[in-house]
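Numbers here simply count residues along the sequence, with the first being 1.
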Amino acid sequence: MTDEMKAKREKLFSSPKNGYDLVDQAALEAMETYCESYKQYLDNGKTERECAAYTVELAQAQGYVPYQRGMSLKPGDKVYRMNRGKSVMLAKIGRQDLSHGAQIVACHIDSPRLDFKPHPLYEDSDFAYGKTHYYGGIRKYQWGTMPLAIHGVFTRADGSSVSVCVGEDESDPVFCITDLLPHLGAEQNDR
């Protein structure tokens, strides 16, 4: 290929560049800081309840206070309201009244997971089993042989509840879903 053809080729054809390579160092550091804080947020909010509680914790650190029905609000006030421990509304009161409009940003908390059914535990062939259903666009085969933890809330007969997290600490037992049912793969254990 001649030099003239190479020059035309460079002029006519696109040469894609990675956007990451076009960003200056300050922007890269800002992205890294943001990503690290987002990873921390994900680590602290593995269920809707944990995510809502952590959101309230972060909001309080930024000066947000619980909204009480009927409380007077003035420009600059920051309030939040938690709904049944699973969702949070945050509001920062603007300088103008609502007749001038409002800016609303909405998102939802979604945690792909396996949920235990109301009466989940049973025993068969010396194994403890749990009846579950899956939620959040996942497929059963995605959970096979992956170490899992249990995060949740157990409600006692008296109506009180207790938060539970088992499987996150190194000394905790882990749970897994075998890729082959234990009673179907029993012969493999004998080999």
Side-chain angles (χ1 to χ4, degrees), residues 17-118 120 132-138 142-143 146-172 175:
K17 293 182 175 45
N18 187 330
Y20 193 79
D21 295 331
L22 303 174
V23 178
D24 66 9
Q25 188 62 33
L28 290 174
E29 289 172 8
M31 285 189 321
E32 188 66 27
T33 301
Y34 175 81
C35 290
E36 288 301 319
S37 67
Y38 187 59
K39 287 191 306 189
Q40 183 180 0
Y41 186 83
L42 293 175
D43 283 344
N44 287 311
K46 293 184 178 169
T47 68
E48 285 92 342
R49 292 176 196 272
E50 290 174 347
C51 193
Y54 191 57
T55 298
V56 166
E57 183 182 320
L58 293 174
Q60 288 174 337
Q62 294 294 316
Y64 284 78
V65 296
Y67 173 76
Q68 301 298 324
R69 193 177 298 265
M71 73 187 283
S72 64
L73 298 171
K74 61 186 181 313
D77 283 350
K78 299 176 184 179
V79 293
Y80 71 87
R81 178 108 174 149
M82 187 182 295
N83 180 17
R84 292 176 280 172
K86 292 185 178 182
S87 63
V88 181
M89 181 236 15
L90 300 168
K92 183 175 179 183
I93 309 306
R95 292 184 218 88
Q96 299 176 334
D97 62 33
L98 287 177
S99 66
H100 291 89
Q103 292 182 354
I104 298 174
V105 177
C107 63
H108 76 288
I109 301 168
D110 195 5
S111 299
R113 65 184 182 273
L114 293 170
D115 283 341
F116 279 117
K117 293 185 175 183
T132 63
H133 64 277
Y134 51 96
Y135 171 83
I138 59 170
Q142 292 172 316
W143 296 96
M146 181 183 295
L148 303 171
I150 291 180
H151 292 251
V153 176
F154 290 90
T155 304
R156 297 179 176 141
D158 66 1
S160 63
S161 59
V162 105
S163 294
V164 174
C165 176
V166 179
E168 293 291 343
D169 189 81
E170 287 291 323
S171 62
D172 286 348
F175 304 89

Would you say that N83 contacts M89 through its side chain, given a criterion of any heavy-atom pair below 4.5 Å between the two side chains? no
Between CG of D24 and CD of E29, what distance do you get to the nearest 0.5 Å? 9.0 Å
Looking only at non-hydrogen atoms, find the nearest pair between C165 and E168 and report the distance. SG-CG, 3.5 Å
Compare all side-chain heavy atoms of Y64 with those of V56 and state whether any distance is below 4.5 angstrom. no
List for me each residue that meets ring pair (Phe, Tyr, Trp, His ring centres under 6.0 Å) alongside F116, sequence neighbours excluded, and say none if there are none. none
What is the minimum heavy-atom distance between V153 and S161, and which atoms define it? CG1-CB, 3.5 Å
How long is the straight-line distance from NZ of K92 back to CD of Q103, given to the nearest 0.5 Å? 11.0 Å
Short question: side chain of K78, backbone of Q62 - any donor-acceptor pair under 3.5 Å? yes
Supply the atom-to-atom distance E50 CD to T55 OG1, rounded to the nearest 0.5 angstrom. 11.5 Å
What pair of heavy atoms forms the shortest contact from Y67 to R81, and how long is it? O-NH1, 3.3 Å
Does R49 reach the side chain of H151, with side-chain heavy atoms less than 4.5 Å apart? no
Rounded to the nearest 0.5 Å, what separation is found between the CD1 atom of I150 and the NZ atom of K46? 13.5 Å
Under 4.5 Å between any side-chain heavy atoms of K74 and D77, yes or no? yes
Nearest heavy atoms of A27 and V23, plus distance in Å: CB-CG1, 3.0 Å
Taking every heavy atom of I109 against every heavy atom of K86, the minimum-distance pair comes out as CD1-O, 3.6 Å
State, with a plain yes or no, whether a side-chain heavy atom of F175 is found less than 4.5 Å away from one of P147. no
Y54: which residues meet the ring pair (Phe, Tyr, Trp, His ring centres under 6.0 Å) condition with it, sequence neighbours left out? Y41
Nearest heavy-atom approach of G85 to A52 is O-CB, 3.6 Å
What residues, two or more places apart in sequence or in another chain, satisfy side chain to side chain contact (heavy atoms under 4.5 Å, CB included) together with V105? none
